Amino acid sequence: MAHDPYYELVPEPQERPFDPARTALLIIDLQYMDAHKDGWMGRLAAAQGRPELLQERWDFVDDILPRVRKLQDACRAAAIELIHIRVKYLTRDCRDGQRSLAKEQKAISSDARDDDFLEMVAPIGDELIIDKTSAGTFNSTAIDQILRNMRIDRLLVTGIVTEGCVELTARDAADRGYYVTLVSDACASSTHVAHEDALQRMGDGGLIKIRTVEQLCKQIAGSRSQRRVA
């Protein structure tokens, strides 16, 4: 298990009381491009004659989708902001995106559906959509300014992949002073081993809290009950 003994010398960082008005749910990269076997990433594997290579990824994504939707619905009922984040480049050949993808993007053409969110967890109504051209959301978008404009300081983070775009976004947010909760059973990776390793690393020391959908739904329901009493 990943552990830095330094954290045994200092107290675990504390959170403020849960306030739905200052909370947002981030749903990262649950789009056809990289979260569905028919998307660009699945087509890349098929073109190289290895369609089975990412099967664990597709199964993992399918497994988390109902829980992501459950948390979305709980947040909607509590008037918590939902922010849907996706990779969407500004150019047809994706030259404005990550250099590591340039060759593969040119080899496998994009499809109009790649930008679409998976139906089960797609935006509803006026929910925010943020397009990024990098792995971490804060690096290539105005999300920090958007959150501060809305006086949001707590983020619940879901999506794919746990050790990639999710981790970069969560760590950047924590580094900027946000209270960050990684939703352990609403994130997925290409392998369960990579996912569990990322959870252990990010949770070490307690700066990023690790909680399940069920735990957060109870916390959200409790905050709604308190508001009704008040």
Side-chain angles (χ1 to χ4, degrees), residues 1-3 25-72 84-89 94 97-111 113-122 132-137 156-171 180-204 208-217:
M1 178 177 179
H3 174 61
L25 172 64
L26 305 187
I27 306 101
I28 299 175
D29 294 354
L30 289 178
Q31 62 189 107
Y32 273 86
M33 186 190 83
D34 59 355
H36 193 281
K37 64 181 180 180
D38 294 333
W40 173 83
M41 194 173 288
R43 298 197 304 276
L44 178 64
Q48 295 186 20
R50 307 178 71 186
E52 77 290 342
L53 184 67
L54 298 177
Q55 190 58 51
E56 185 175 353
R57 180 191 185 102
W58 312 135
D59 292 342
F60 203 167
V61 170
D62 288 345
D63 181 58
I64 70 166
L65 287 179
R67 291 190 293 273
V68 174
R69 179 56 187 266
K70 180 178 180 179
L71 184 56
Q72 286 180 327
H84 303 261
I85 299 162
R86 65 183 172 186
V87 176
K88 187 177 181 182
Y89 298 109
C94 309
Q98 300 175 63
R99 288 177 294 171
S100 62
L101 293 179
K103 181 179 178 181
E104 288 80 2
Q105 286 283 4
K106 292 178 181 178
I108 304 297
S109 60
S110 297
D111 182 279
R113 200 180 186 191
D114 287 340
D115 293 338
D116 292 346
F117 294 99
L118 302 181
E119 285 87 351
M120 185 181 293
V121 294
K132 62 187 175 78
T133 57
S134 58
T137 309
L156 314 177
V157 184
T158 68
I160 62 172
V161 294
T162 317
E163 77 281 8
C165 299
V166 169
E167 180 170 3
L168 283 167
T169 299
R171 288 194 182 279
V180 179
T181 297
L182 188 72
V183 192
S184 59
D185 57 349
C187 296
S189 300
S190 291
T191 70
H192 286 76
V193 171
H195 169 77
E196 291 298 332
D197 177 72
L199 292 183
Q200 292 175 2
R201 286 186 291 99
M202 279 189 278
D204 194 31
I208 296 175
K209 307 300 182 185
I210 309 295
R211 296 193 174 100
T212 65
V213 168
E214 192 63 33
Q215 289 172 325
L216 287 170
C217 285

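Model, not experiment: these values are computed from the prediction. For reference, positions follow the sequence shown, starting with 1.
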Suppose we screen for side-chain contact (heavy atoms from CB on, under 4.5 Å). Which residues come up paired with [X], at least two apart in sequence or across chains?
X      : answer
Asp204 : His3, Asp4, Tyr7
Val161 : Arg57, Glu163, Ser189
Glu56  : Thr191, His192
Glu119 : Tyr32, Arg113

I'd like to know if the side chain of [X] and the backbone of [Y] have a donor-acceptor N/O pair within less than 3.5 Å.
X      : Y      : value
Thr169 : Thr137 : yes
Gln215 : Thr212 : yes
Arg86  : Asp115 : yes

Partners meeting side-chain hydrogen bond (donor to acceptor under 3.5 Å, both in side chains) with [X] (sequence neighbours left out):
X      : result
Glu196 : none
His36  : none
Asp114 : Arg43

Quick one: salt bridge (charged side-chain N to carboxylate O under 4.0 Å, His left out) partners of [X], sequence neighbours excluded?
X      : result
Lys37  : none
Arg171 : Glu167
Lys88  : none
Asp29  : Lys132

Please list all pairs passing the salt bridge (charged side-chain N to carboxylate O under 4.0 Å, His left out) test where one or both residues lie in residues 59-69, with sequence neighbours left out.
->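 Sorted pair list: Asp63-Arg67, Arg67-Asp185, Arg69-Asp73.
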